[in-house]
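To start, the structure under review is shown below, and the notes come after it.
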Amino acid sequence: MDDRYDPRKIETFWQAQWAQQNLYVAHEDPARRKFYLLEMFPYPSGDGLSVGHLHNYVPSDVVGRWRRMAGFNVLHPMGWDAFGLPAENDALLKGLHPKDTVPRYAENFKRQLKLVGCAYDWTREINSSFPDYYRWTQWFFLLLMRRGLAYRAVGSQWWCEKCRTILANEQVVNGCCWRHSDTPVTKKDLEQWYFRITAYADRLLAGLDGIDWPEPIKLMQRNWIGRSEGAEIGFPVTGHQESEVRFFTTRPDTVFGVSFMVLAPEHPLVAEITTADCRSTVEEYVERARRESEIERLSALREKTGVFTGAFAYNPFTQRNIPIWIADYVLMGYGTGAIMAAPGEDQRDFEFATRYGLEIPVVTAPADGSPPEPGRAFAAHGVTVNSGFLTGMPTVAAIEAVCRFVEERGLGRRAVSYRMRDWLISRQRYWGAPIPVVYCKSGCGIVPVPDEQLPVLLPDLKHYQPSGTGRSPLANVPEFLHTRCPKCGGEAERETDTLDGFACSSWYYLRFASPRYEAGPFDPEKANYWLPVDLYIGGAEHAVMHLLYARMWTKVMYDAGLIRFEEPFPVLRNQGMIWAADGQKMSKSKGNVVTPDAMVEKYGADPLRLWELFMGPFEEPTNWNEKGVVGTARYLARVWTLLRRYIGAGCPQGEPSPQTLRRVHRTIATVSEHIERLRFNTALSALMDELNYLSGLAPEEMGRVAVESYVLMLAPMAPHIAEELWRALGHGDSVHLQSWPKYDPELAREETVTVVVQVNGKVRERFTIDAGTPEAEVRSRALQSEAVARHLAGKAPKKIIYVPDKLVSIVA
RNA sequence: GCGAGAGUGGCGGAACGGCAGACGCGCCGGACUUAGGAUCCGGUGGAGCAAUCCGUGAGGGUUCAAGUCCCUCCUCUCGCACCA
């Protein structure tokens, strides 16, 4: 054992040893309790990992190592979310090819993870852009297709000019592309593939109740799904026998207050019903709405605009004809793309009616008879007024009455509407899994590629730049494009769009159970052993994309009888974001990125790991501060010194004092509990505290138990130094194969306690007594105190509260 | 606008309704040193010589006792932003 703690020296040595010993390779073992630990599938970016990313990987590693010591059979794998726009965009920017850059970047990530001592089972490494992986991504596409969950439809969809592709709704953030926050998305009409995630809306919602996820994430999913109950009703268009305006409303009770109707500008009825004299203004408005960037159109703060179509609808409740307008505050993608406007009860309709001088009937009044707030709609529930047969009913009863009324007369029905749309999965881009279908030219239509012909290989293209025409570059590859129909053998063309990258990450957690399996996406037996994931760790930014998609796929697999669980991630935790020292996001362009490489070089991997754990609560965001690494490096040097003293004294074998033993066991209890609850910062502070205590002892007072349990507890957090110290203590095998120290509550029990005495809520005295001293004795001792007497100032105690072994509170 | 979370020393942060500030950074003093940005020892919320008083964003409340529970407000962060 060296005199001085030299992190780099021992770290490189032990990392090589571990790799040689295959220490972290997982094997199925039905006799042992499994623990599947997983971090969210990382996209290996060219910038490599920063110390911010490590705030995810290091704590996970601690959990994995700790669970292993605690007797669990741990599966902790790693792989690469390699397909998708980020990888392709990066390669385009650098004039390189993603097939070259991605493996290189992944290697770099792997190197960095090893550099900081993270223990993964690298034999299970996967890469979603490799054919042996995306073959099964394609297989899942076909599964969804077979189950009627993948379909093709024409739609006006989000388009990012920089990515030159269509985006899913979830991938549009503040009206901009999720990868380009400076690029407003526009609309483009294309025929696209969708996954029918809305068919799972209710189950995705219900499933949230049974899983242990951070409440904010569940809430975000609930809001994203956005379930609303109401009714879908149709009002006939005056003078158009066949046509009606069908609309969804959550407030059918306000039908008597409907004074006009509004269609989305894209609504198919617009062309049909617009009268000749309104045609030019309507067409102009529709055209403008299409052109306008979504960021403008989506702003709730913007003043509402619209134009009259010249047509009227018949409101069967009021028996009046009401004007039909179009306005861009009505969205084609929600409900039926049309609304009944009840301006007295809906603030948006109110604003619109005010602006265009439309009638504003009042049909709901506050239930308590108070006057409604003037100048705005009364949107709350209340009592229905001026509404024929509904008058006098409370809102809830009126809703029910209208639903029954329209159902009886065939005017409409109860309906549920979701904010969530179907998941658009076509990408007009090169770097993704080709969608495995062909279009037969002899009338077979859309034909799925048979399972045994998978994978549909992504051709190796030199020029893979997106065309911008709305077709993927694969369309320019004749040998890819032209094929035979699997059904009739006739001429056919392949689908040239690729799958959204999120498809890859929707099932990867299953692949890790049997990453080289060839008879299916996963070996059912192995998947059955390892899954579901016991602890899933990742950033909150995936609340509505990856986490929703993965849940849906899992439910599809469950329905198909492939797996026995319906939720892939029963326990989810979010690590807090680490901001740069300047409080901004770490990014290369801002020049504020701190790399693990630099920190390991300067301080060592273990000190860096400890600082990642110690800097704050795992789930809270905080700013990077390099100074802290000095502290954890110093701490480890002191641990080193402690062990050197103990070993230097010949490893005295004597029993430690009861007091020392008590401290040791209390520390075991604290560290275990805090690691389990992912409170790494306080787990480490308990170890620091313990070190401060042990450092004050002579080697022969420490005792082997204290020293060894200390090294064992350090092992998950600082694996290299712990390994070195373990060997220095004379052990032959790895510290990481040892059992976690056993906590003995008997030995941890305090014999004496400090009791505080309060007078009128202020601490005036404290004394030490034996634990479990009878109440009467403690009370009398408290009252005997000179300080207590002084503060009582002669007054008799009115009341005395006694908390055993803790406090006496005297009220005077 | 709506929803969620958070405000504690100079800093990161501790604290089952029961001694606020554990642990660490920084700082101050000392020791050892040719040297110290190494190491070790001591100190460190504010005011006061002291007893003591004041202190967890602001203001109320509940309680013997509130950082913790309740109400009102302020600030910050995040999410959703015309979803009928």
Side-chain angles (χ1 to χ4, degrees), chain A residues 4 173-175 214-220 222-224 226-228 230 247-252 254 262 264 297-304 327-331 333-342 345-349 351-352 379 417-421 540-541 543-544 577 579 583 610-611 614-617 619-632 634-635 637-638 641 679 681-692 695-696 754-766 787 790-791 797-803 806-812:
Chain A
R4 220 172 50 86
V173 178
N174 289 327
E215 231 16 82
I217 302 291
K218 288 192 188 183
L219 193 64
M220 274 192 249
R222 286 194 186 101
N223 291 342
W224 186 264
R227 184 182 202 273
S228 305
F247 56 86
F248 173 77
T249 177
T250 55
R251 290 291 302 276
T254 61
V262 189
R297 189 169 158 186
L298 280 174
S299 169
L301 305 168
R302 198 177 70 138
E303 218 175 324
K304 291 170 185 37
D328 62 9
Y329 81 91
V330 175
L331 309 171
Y334 183 78
T336 62
I339 61 161
M340 62 170 220
E345 286 70 36
D346 184 286
Q347 185 59 23
R348 295 155 302 186
D349 299 344
E351 285 165 21
F352 192 80
S417 194
Y418 301 94
R419 208 193 82 112
M420 180 172 68
R421 317 288 157 82
E541 68 273 16
V544 290
M577 180 90 179
W579 305 99
L610 292 194
W611 178 238
F614 192 64
M615 54 195 298
E619 301 186 70
E620 298 296 322
T622 190
N623 291 2
W624 175 254
N625 176 8
E626 191 185 319
K627 284 282 175 59
V629 193
V630 177
T632 52
R634 189 178 298 161
Y635 157 72
R638 293 184 62 215
T641 304
R679 310 274 296 259
N681 56 330
T682 47
L684 182 51
S685 73
L687 280 178
M688 289 175 166
D689 214 15
E690 170 86 352
L691 177 74
N692 290 342
S695 295
T754 300
V755 167
V756 302
V757 186
Q758 297 183 341
V759 179
N760 290 333
K762 289 206 163 109
V763 177
R764 297 303 183 185
E765 179 66 281
R766 69 194 60 194
R790 192 167 68 240
H791 287 282
K798 280 199 205 106
K799 190 173 169 187
I800 297 177
I801 289 99
Y802 170 72
V803 180
K806 243 182 204 155
L807 121 160
V808 178
S809 182
I810 302 168
V811 188

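As a basis for the values below, the full set of heavy atoms in this structure was taken, side chains included, without hydrogen atoms, waters or symmetry mates. Letters go in sequence order (proteins before strands), and every chain restarts at 1.
For a distance-only test at 3.5 Å, the side chain of A:Q758 qualifies as a donor-acceptor partner of the base of B:G18.
By the rule that a glycosidic angle within 90° of 0 means syn, B:G43 does not qualify and counts as anti.
When the nearest nucleotides of RNA chain B are assigned to A:A686 and A:H791 by heavy-atom distance, the more 5′-ward of the two goes with A:A686. Toward the 5′ end of RNA chain B lies the nearest nucleotide of A:V763, the other residue of the pair A:I810 and A:V763 mapping further downstream.
There is a side-chain donor-acceptor pair under 3.5 Å between A:N692 and A:R638.
Going from the C1' atom of B:G1 to that of B:A14 covers 38 Å, rounded to whole Å. Nucleotides B:A6 and B:C69 are separated by 9 Å at their P atoms, to the nearest Å. As rounded to the nearest Å, B:A4 and B:G48 have P atoms that lie 45 Å from one another.
Contact annotation: A:S685 side-chain N/O to B:G13 OP1/OP2 distance is not under 4.0 Å. Proximity of A:K762 to the phosphate of B:C54: a side-chain N or O atom is located under 4.0 Å from OP1 or OP2. Within the 4.0 Å cut-off from OP1 or OP2 of B:C64, at least one side-chain nitrogen or oxygen of A:K799 is found. At B:A15, one or more side-chain N or O atoms of A:R679 fall inside 4.0 Å of OP1 or OP2 (strictly under the cut-off). The phosphate of B:C19 (OP1 or OP2) has no side-chain N or O of A:R764 nearer than 4.0 angstrom. An OP1 or OP2 oxygen of B:G13 is reached within less than 4.0 angstrom by a side-chain nitrogen or oxygen of A:T622. The phosphate of B:C80 has neither OP1 nor OP2 within less than 4.0 Å of any side-chain N or O from A:R222.
No donor-acceptor distance shorter than 3.5 angstrom exists from the side chain of A:D346 to the backbone of A:A341, with no hydrogens or angles considered. Judged by distance alone, with hydrogens and angles left aside, the side-chain atoms of A:R251 form a donor-acceptor pair with the main-chain N or O of A:A379 at under 3.5 Å.
Base pairing annotation: B:A31 forms a Watson-Crick or G-U wobble pair with B:U39, both donor-acceptor distances under 3.5 Å. B:C25 is paired with B:G10 under the Watson-Crick or G-U wobble criterion, all donor-acceptor distances under 3.5 Å. B:A66 is unpaired under the criterion used here, namely a Watson-Crick or G-U wobble arrangement in which both key atom distances are under 3.5 Å. Nucleotide B:C78 has B:G3 as its partner under the Watson-Crick or G-U criteria, with both atom distances under 3.5 Å. B:U52: Watson-Crick or G-U partner is B:A47, with both key distances under 3.5 Å.
Nucleotide B:G79 holds its P atom 14 Å from the CZ atom of A:R419, rounded to whole Å. Distance A:L687 CG to B:A22 C1': 14 Å, rounded to the nearest Å.
Side-chain atoms of A:K304 lie closest to B:C82 of the nucleotides B:C19, B:C82, B:A14.
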> How does protein contact run along nucleotides 24-44 of chain B, one letter per nucleotide 5' to 3', with B for base contact, S for sugar-phosphate only, - for none, heavy atoms under 4.0 Å?
Replying inline: SSS------------SS----
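Counting only heavy atoms from C-beta outward, the side chains of A:Y635 and A:W611 never approach each other to under 4.5 Å.
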